[in-house]
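As structure tokens, the structure follows; a few thoughts come after it.
Because the structure is predicted, anything quoted here is derived from the model rather than measured. The chains referred to below are lettered A, B, ... by the order of the sequence lines, with proteins before strands, and numbering in each begins at 1.
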Protein chains: 2
Amino acid sequence: MIKTKFSIILHIITLLALYKDEWLNSTLIAGSLNINPVLVRKELAILKSSGLIESKEGKNGGVKLLKDAKKIQLSEIFEIAKGSDHVLSSLKNVPNPNCRIGKQINKNLGIVLGEIDNAIIEKLSKQSLEEFKNQF
Amino acid sequence: MIKTKFSIILHIITLLALYKDEWLNSTLIAGSLNINPVLVRKELAILKSSGLIESKEGKNGGVKLLKDAKKIQLSEIFEIAKGSDHVLSSLKNVPNPNCRIGKQINKNLGIVLGEIDNAIIEKLSKQSLEEFKNQF
DNA sequence: ACAAATGTAATAAAAATAATTACAGTTAAG
DNA sequence: CTTAACTGTAATTATTTTTATTACATTTGT
């Protein structure tokens, strides 16, 4: 899920950064992404709980960015999309505990998967939303 | 698909490194992973075409590693799992071409996604299969 | 000759994602 | 003070992706 979520959230937040003084509604955002508005509202709920945006209910409502795009690094957006999962997760299947490798693989793999996450965060911490949005 | 593929391939290749002088068959490998042998054989086909392993058909057949584990970095395994996709690529993602952001997002996103791939590769190029396998 | 493998295609089942429907609650504006 | 346009969610359905299964041709060791 991280896969699509990062793209969706970055798209949303880029829109919000470009129209930072307007309340953008979920139907408009969904139209830009070409996905269902309910899915957008679900992602907006996550962005809201992470403090990046605020929302206004009722007529002429919508959402807007709370932070300056210069102060948001892409790593922050990535971490929201990532949640508590690893980007490359291990299998749902339980490996064979009677196997020398099977019984230890998830522990050892987990370390590598964590390093992968951190490598991404480190890289994306060097690019701000401001820089990204100015490409449009 | 990259998500689970990396775990599967790394597990397989760790097994092969630990038993580098034996022909391991797909049923045995599948037993360690606790997945279907046909799926293992499909991954083995990819590993074979990438030159990391060789296979032997017929009775007492199986697969074995061709390269020394000291000369295989985890980045090589990652790149095989990755194939031509980005780690974080949205599957459908056909944004609205009539939107200022929609029509450009894939190009700009593509650059970021490529940087993510490279950050992972760079990180994993520092760890060899030998080091990984010695943890077992 | 037979058993145990790989290799691969086709199909079925299961799981994960996304879309849709529905509706309660909120707010702006006439 | 009523209506229209929103958010916020839950529940359900549809679609897509992933994994498992079945099947079988081919290869090879004994």
Can a donor-acceptor pair be found between the side chains of A/Ser55 and A/Lys48 at a distance below 3.5 Å?
yes

In whole angstrom, what separates B/Ile29's CD1 from C/dA4's P?
18 Å

Whole-Å distance separating the CG atom of A/Asn93 from the P atom of C/dA13:
19 Å

Whole-Å distance between C/dA15 P and B/Met1 CE?
17 Å

Output the single nucleotide from D/dT7, D/dT28, C/dA29 whose closest atom is nearest the side chain of A/Asn60.
C/dA29

With a 4.5 Å heavy-atom cut-off, do B/Ile29 and B/Val63 have their side chains touching?
yes

To the nearest angstrom, how far is B/Leu39 atom CG from C/dA14 atom P?
17 Å

Distance check needed: D/dG8 P versus A/Trp23 CH2, whole Å only.
10 Å

Using whole Å, what does the distance between atom P of nucleotide D/dT17 and atom CG of A/Leu91 come to?
20 Å

Separation of B/Asn36 atom CG from C/dT11 atom P, in whole Å?
17 Å

Which of C/dA10, D/dT7, C/dA19 is nearest the side chain of A/Asn25? It is D/dT7

5′-ward residue of the pair A/Ile8/A/Arg41 relative to DNA chain C:
A/Ile8

Within the structure provided, determine whether A/Ile116 and B/Val87 are in side-chain contact (heavy-atom separation under 4.5 Å).
no

What's the closest nucleotide to the A/Ala45 side chain, out of D/dT9, C/dA28, C/dA18?
D/dT9

Tell me, do B/Leu74 and B/Ile77 make a side-chain contact under 4.5 Å, heavy atoms counted?
yes

Contiguous pairing runs of three or more, Watson-Crick or G-U under 3.5 Å, that involve DNA chain D
C:1-30 with D:1-30

Closer to the 5' end of DNA chain D via nearest nucleotide, is it A/Lys42 or B/Glu57?
A/Lys42

So, OP1 or OP2 of D/dC6: does either fall under 4.0 Å of a side-chain N or O from A/Thr27?
no

If you check every side-chain atom of A/Lys59, which of D/dA5, C/dA18, C/dA9 has the closest atom?
D/dA5

What is the separation between atom CD1 on A/Ile35 and atom P on D/dT16, rounded to the nearest whole Å?
15 Å

Can B/Lys123 and A/Glu122 be counted as an ion pair, charged N to O under 4.0 angstrom?
no

Is it true that B/Lys64 and B/Asp21 have a side-chain N and a carboxylate O under 4.0 angstrom from each other?
no

Has B/Ser55 got a side-chain N or O lying under 4.0 Å from the OP1 or OP2 atom of C/dG7?
yes

Does a side-chain N-to-carboxylate-O contact under 4.0 Å join A/Glu131 and A/Lys70?
no

Flag side-chain contact, heavy atom, 4.5 Å: A/Glu54 against A/Trp23
yes

Among D/dG8, C/dT8, C/dT6, the one nearest A/Lys48 by side-chain distance:
D/dG8

The side chain of B/Val38 lies closest to which of these nucleotides: C/dT6, D/dT9, D/dA23?
D/dA23

